[in-house]
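Please read the structure below before turning to the comments.
Counting starts at 1 for both ligands and their atoms, in listed order. All values below come from the heavy atoms of this structure, side chains included, with hydrogens, waters and symmetry mates left out.
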Amino acid sequence: AKNKGKSAYERFAPEMKEVSHERLQIESRLRRALELDEFELYFQPIVETASGRLIGAEALIRWNSPTMGLVMPDKFIPLAEETGLIIPIGEWVIQQACAAASQWQESTGLNLSIAVNVSPRQFRDPGFVNVVQRAVNEQHLDPTLLELEITERLILDNTIETADILRRLDTMGVRLSVDDFGTGYSALSYLKSYPFDTLKVDKSFVRDVIIEEGDAALVKAIINMAHSLGLQVIAEGVEEEAQTHFLKAQGCDYAQGYFYSRPASGADFVEWIRTNHR
Ligand code: C2E
Ligand code: CA
Ligand code: CA
Ligand code: CA
């Protein structure tokens, strides 16, 4: 082989050095981004499938980088997670999201809910439950209007700790949803033992629901199972009207996707409410 004679260190060290240098750079840039207030929350409407009525929004973070432009979360959330910066960034997200929901209440008179993504490291941080409690208190937000989205993978990772945190959040009155449902190694038993309120059907199932019988059957089954467990269902990634008809026929409670609106800045979201819901 090509690398015969070279030690593992010689073969991989230069590359690793580069990678870790790049990582350090991004880490310090992320840290600065937080200090310089370069993060921004975008909001994507969540509507009631049957009526089309707006019920709330999901908060999705963006990074307005002076050098890179608008950076999407997939590009920096994993790094923030690895470096631990997700803890202060996630706290910022929760505060901003609660502030936004309480402003919407004032400016539109609607009781809109706000869904926030929570990453595993943030969820396990000992201060997490207090961060949520503080944000809700400071904004005088009805806790049932805050929905925390937790991925299936996190739930299956670490049971005792996870169960305890979920119980404390549930007691506080915030709502809990399973994000990307169906993509993990679903051990469905957690659904009956944990206090979840909502399942978010992953967009990979929703995408082909009209053209793939298998996907249609899966989504149908997920909706029925969720309902028999007393959970509500949100379909994400809804892009076409035909999908909304299918979801309505299957009794899916809520829907979210480009068909209704792309994620929008705070100002554009409020404008969207004015034009679509008045
Ligand atoms: P997610 O939680 O599954 O969020 C849904 C993603 O699907 C968003 O991508 C959204 O823009 C996109 N999307 C919405 N409607 C459609 C549609 O009709 N079709 C398609 N193809 N896509 C649609 P985005 O904003 O790039 O976020 C990517 C991921 O980054 C999120 O996936 C979430 O896991 C993570 N993320 C976003 N904001 C935060 C945050 O504040 N904290 C944490 N921890 N993670 C976040
Ligand atoms: Ca989500
Ligand atoms: Ca609950
Ligand atoms: Ca999702």
Heavy atoms only, cut-off 4.0 Å: how does [X] contact ligand 1, side chain, backbone, both, or neither?
| X | value |
| --- | --- |
| Val238 | backbone |
| Arg62 | side chain |
| Pro263 | side chain |

Residue and atom name of the nearest protein heavy atom (relative to [atom]), distance in Å to one decimal:
| atom | answer |
| --- | --- |
| atom 7 (O) of ligand 1 | Lys203 NZ, 3.0 Å |
| atom 34 (O) of ligand 1 | Asn117 OD1, 4.5 Å |
| atom 10 (C) of ligand 1 | Leu60 CD1, 3.9 Å |
| atom 22 (N) of ligand 1 | Tyr258 OH, 3.3 Å |

For Tyr254, does its backbone N or O pair with a side-chain atom of Thr49 as donor and acceptor, under 3.5 Å?
yes
Could you check whether any side-chain N or O of Asn117 sits under 3.5 Å from a backbone N or O of Glu149, counting only pairs where one atom can act as donor and the other as acceptor?
no
Taken in chain and number order and not counting sequence neighbours, the residues that satisfy salt bridge (Lys or Arg N to Asp or Glu O under 4.0 Å) with Glu81 are none
What atoms in ligand 1 come closer than 4.0 Å to a heavy atom of [X]?
| X | value |
| --- | --- |
| Asp180 | 3 (O) |
| Val93 | 41 (O) |
| Pro73 | 24 (P), 25 (O), 26 (O), 27 (O), 28 (C), 30 (O), 36 (N), 37 (C) |
| Asp179 | 2 (O) |

Option whose closest heavy atom lies nearest to [atom], chosen from [options]:
| atom | options | answer |
| --- | --- | --- |
| atom 17 (C) of ligand 1 | Glu239, Gln243, Gln256 | Glu239 |
| atom 40 (C) of ligand 1 | Ile61, Ile89, Ile86 | Ile61 |
| atom 1 (P) of ligand 1 | Glu149, Arg262, Glu58, Lys75 | Glu58 |

How wide is the angle at the Ca ion (ligand 2) between OE2 in Glu58 and OD1 in Asn117, to the nearest 10°?
90°
Looking at the Ca ion (ligand 2), which N/O/S atom of Glu149 is the nearest one?
OE1
Under-4.0 Å salt bridge between [X] and [Y]:
| X | Y | value |
| --- | --- | --- |
| Lys203 | Glu239 | no |
| Glu27 | Arg31 | yes |
| Asp170 | Arg167 | no |

Measure from the Ca ion (ligand 4) to each N, O or S atom of Glu236 and report whether any distance is below 3.0 Å.
yes
Consider every N or O of Gln44 and every N or O of ligand 1, then say whether any pair is closer than 3.5 Å.
yes
